[in-house]
Protein chains: 2
Amino acid sequence: MAKIKSSKNATKKETIVEKASKLFFEKGFSASSMRDLAERVGVEAASLYNHIRSKEELLQEICFKAAQHYTENIDAIEREDSPFIQKIEKILRFHIDQMINNYEVVQVVDRDWKHLSEPYLTNYHNERRAYRKRITAIVEEGIRRGEVKDIDAPTAVLIMLHAVSGIESWHRSVQKISAKDLEENILLILLRGLGK
Amino acid sequence: MAKIKSSKNATKKETIVEKASKLFFEKGFSASSMRDLAERVGVEAASLYNHIRSKEELLQEICFKAAQHYTENIDAIEREDSPFIQKIEKILRFHIDQMINNYEVVQVVDRDWKHLSEPYLTNYHNERRAYRKRITAIVEEGIRRGEVKDIDAPTAVLIMLHAVSGIESWHRSVQKISAKDLEENILLILLRGLGK
DNA sequence: TTGAACTCCTAACAACCGTTAGTTTTATTA
DNA sequence: TAATAAAACTAACGGTTGTTAGGAGTTCAA
């Protein structure tokens with residue numbers, strides 16, 4: 001009999017969520033079927049329901065776990081007592097790191113969170129907005145203290161957050177620079193600009 | 001009898017493609033059904049097939065028309081004899097303009113082009129890569145001439161292209177700055193950086 | 001005024017969807 | 001080893017999917 005092999009000491013549910021992240025990343029949430037997923041897990045579709053409640057629960061799991069991860073990071077950064085430009089740099093470095101090492105999840109969340117149903121949809125949407133607001137506050141404080149250029153803070157935030165999502169292309173590129181170089185280049189561009 | 005009303009002098013097919021762009025933008029290609037689309041067009045689903053060949057043809061239409069638009073723009077910019085930092089600025093301004101005024105199409109293309117089937121998928125993928133390569137060449141020439149900071153050009157390009165896609169959030173935001181201010185802020189950040 | 005070309009309609013197809021029911025096999029524990 | 005729980009299986013459900021067939025109403029040129 002086929003048995004779900006849980007590598008390491010991961011729960012079978014965790015294994016399913018992990019495979020789902022990869023599948024959703026490749027095909028998108030709506031275009032991924034439970035039979036697709038079951039095949040990758042090595043099991044019949046119906047068997048998945050011994051471990052999860054629904055397809056959407058997988059998406060919820062993915063979205064809210066990622067959100068928690070980001071929230072914990074900004075919690076720590078807010079607590080820090082360092083120059084605000086350095087806080088911004090740390091936020092960027094975290095986003096870049098996530099995009100390099102956890103990009104499947106990040107991309108699924110960014111692309112497919114809209115397929116959550118209520119009340120999760122509203123819930124997630126609020127969390128997202130709150131997160132952006134916290135970053136905006138940091139940028140604004142940086143401007144007030146003269147550490148950051150006098151720009152529209154919300155615009156700066158949306159650029160920061162979206163710029164790093166370009167790393168997706170980096171993953172696919174053939175001759176790619178090292179992750180470290182990538183990180184430094186992105187920071188250089190965002191903090192110092194393209195022009196000389 | 002219900003009749004497809006083609007406003008202005010648009011073909012009925014063009015009307016359908018336009019409605020499809022909006023629908024795909026809202027729900028994603030895979031989650032959009034032909035019955036959804038038919039309802040928005042004001043017609044039964046089967047009737048759509050008097051004007052189009054398949055659901056995917058709609059996506060093809062949307063993707064390749066957009067690609068052509070971008071290609072024409074960079075054709076013109078390459079022909080220009082101006083400083084390379086200015087060429088980069090013009091590319092950015094074009095992308096920003098598209099994202100502000102044609103964002104539904106742009107977002108659909110960016111998110112759903114992977115749902116094209118062969119040979120369109122490979123075709124589109126190549127066009128996309130070629131387009132990025134042309135921008136990279138401009139950035140590299142800018143670096144060589146000392147107009148642009150000495151950065152990894154492909155990294156710069158992926159940041160440029162993705163940063164502007166953050167404008168999506170701007171559309172949804174409540175108290176938004178003017179489109180002109182948005183454009184100037186984005187250019188300021190990308191060309192001069194966040195830091196002071 | 002006839003006939004061809006269009007474009008709409010209803011009805012239906014086969015395939016696939018997420019999910020449930022009921023059963024059998026495997027793993028755990030006593 | 002026997003009893004119980006966990007997790008797999010097969011089969012099928014009701015619904016939706018993209019698309020086609022065939023017919024009826026409309027438009028327009030001859």
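The analysis underlying the following values was restricted to heavy atoms, covering all of them including side chains, and did not include hydrogens, waters or symmetry mates. Each chain gets a letter, A, B and so on, in the order its sequence line appears, and its residues count up from 1.
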Chemist: Between A:I52 (CD1) and D:dA8 (P), how many Å, whole number?
Modeler: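 Nearest whole value for this atom pair: 12 Å.
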
Chemist: Taking CD1 from B:I16 and C1' from D:dG18, how many angstroms apart are they, rounded to a whole number?
Modeler: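 Value for this atom pair: 15 Å.
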
Chemist: Does A:D110 come within less than 4.0 Å of A:R128, counting only side-chain N to carboxylate O?
Modeler: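 Yes, this pair counts.
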
Chemist: With B:H95, which residues qualify under side chain to side chain donor-acceptor pair (under 3.5 Å), at least two apart?
Modeler: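 Side chain to side chain donor-acceptor pair (under 3.5 Å) list for B:H95, sorted by chain: B:Y131.
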
Chemist: Short of 4.0 Å, heavy atom to strand atom, which residues of residues 109-122 of chain B count as contacting DNA chain C?
Modeler: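 Hits under 4.0 Å, by residue number: none.
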
Chemist: Write down the distance between NE2 (A:H51) and P (C:dA27), rounded to a whole number of angstrom.
Modeler: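 Spelled out: NE2 on A:H51 to P on C:dA27 is 13 Å.
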
Chemist: Round to the nearest Å and state the distance from B:L23 atom CG to D:dT17 atom P.
Modeler: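 B:L23 atom CG is separated from D:dT17 atom P by 11 Å.
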
Chemist: Using a 4.0 Å cut-off on protein heavy atoms (strictly under), produce a 5'-to-3' string for nucleotides 10-19 of chain C with B for base contact, S for backbone-only sugar-phosphate contact, and - for none.
Modeler: BBB----BBB

Chemist: Test: ring pair (Phe, Tyr, Trp, His ring centres under 6.0 Å). Region: residues 170-195 of chain A. Which pairs qualify, not counting sequence neighbours?
Modeler: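 Counting only pairs at least two positions apart or across chains, the ring pair (Phe, Tyr, Trp, His ring centres under 6.0 Å) contacts touching residues 170-195 of chain A are A:Y103-A:H171.
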
Chemist: Would you kindly check whether a donor in the side chain of A:N50 faces an acceptor in the base of D:dA6, or vice versa, at under 3.5 angstrom?
Modeler: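 No.
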
Chemist: Is B:K22 close enough and on-axis enough to B:F25, meaning under 6.0 Å and within 45°, for cation-pi?
Modeler: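 Verdict for B:F25: no cation-pi partner in B:K22.
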
Chemist: Nearest to the A:V43 side chain among C:dC8, D:dC9, D:dA7, which nucleotide is it?
Modeler: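 Of the options given, the side chain of A:V43 lies nearest D:dC9.
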
Chemist: Provide, to the nearest angstrom, the distance between the NZ atom belonging to A:K13 and the P atom belonging to D:dA6.
Modeler: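 Atom NZ in A:K13 sits about 15 Å away from atom P in D:dA6.
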
Chemist: Between atom CG in A:L48 and atom P in D:dA6, what is the gap in whole Å?
Modeler: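 Value for this atom pair: 18 Å.
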
Chemist: Restricting to side chain to side chain donor-acceptor pair (under 3.5 Å), what partner residues turn up for A:R144, sequence neighbours left out?
Modeler: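 In terms of side chain to side chain donor-acceptor pair (under 3.5 Å), with neighbours along the sequence ignored, A:R144 is linked to A:E141.
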
Chemist: For the residue pair B:F64 and B:Y124, categorise the inter-ring angle as parallel (less than 30°), tilted (30 to 60°) or perpendicular (more than 60°).
Modeler: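 Aromatic pair B:F64/B:Y124 classed perpendicular.
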
Chemist: Between D:dG18 atom P and B:E39 atom CD, what is the distance in whole Å?
Modeler: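 Answer to the nearest Å: 14 Å.
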
Chemist: One thing to verify: whether B:R134 and B:D75 come together as a salt bridge, which I'm taking to mean a side-chain N less than 4.0 angstrom from a carboxylate O.
Modeler: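 A salt bridge links B:D75 with B:R134.
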
Chemist: Using salt bridge (charged side-chain N to carboxylate O under 4.0 Å, His left out) as the criterion, list what pairs up with B:K13, not counting sequence neighbours.
Modeler: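 For B:K13, the residues satisfying salt bridge (charged side-chain N to carboxylate O under 4.0 Å, His left out) (neighbours in sequence not counted) are B:E57, B:E61.
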
Chemist: Please report the distance, rounded to the nearest Å, between CD in B:E57 and P in D:dG18.
Modeler: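 Whole-Å distance recorded here is 15 Å.
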
Chemist: Are more than 12 heavy atoms from other residues, nucleotides or ligands located less than 6.0 Å from atom CD of A:E39?
Modeler: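 No, not enclosed.
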
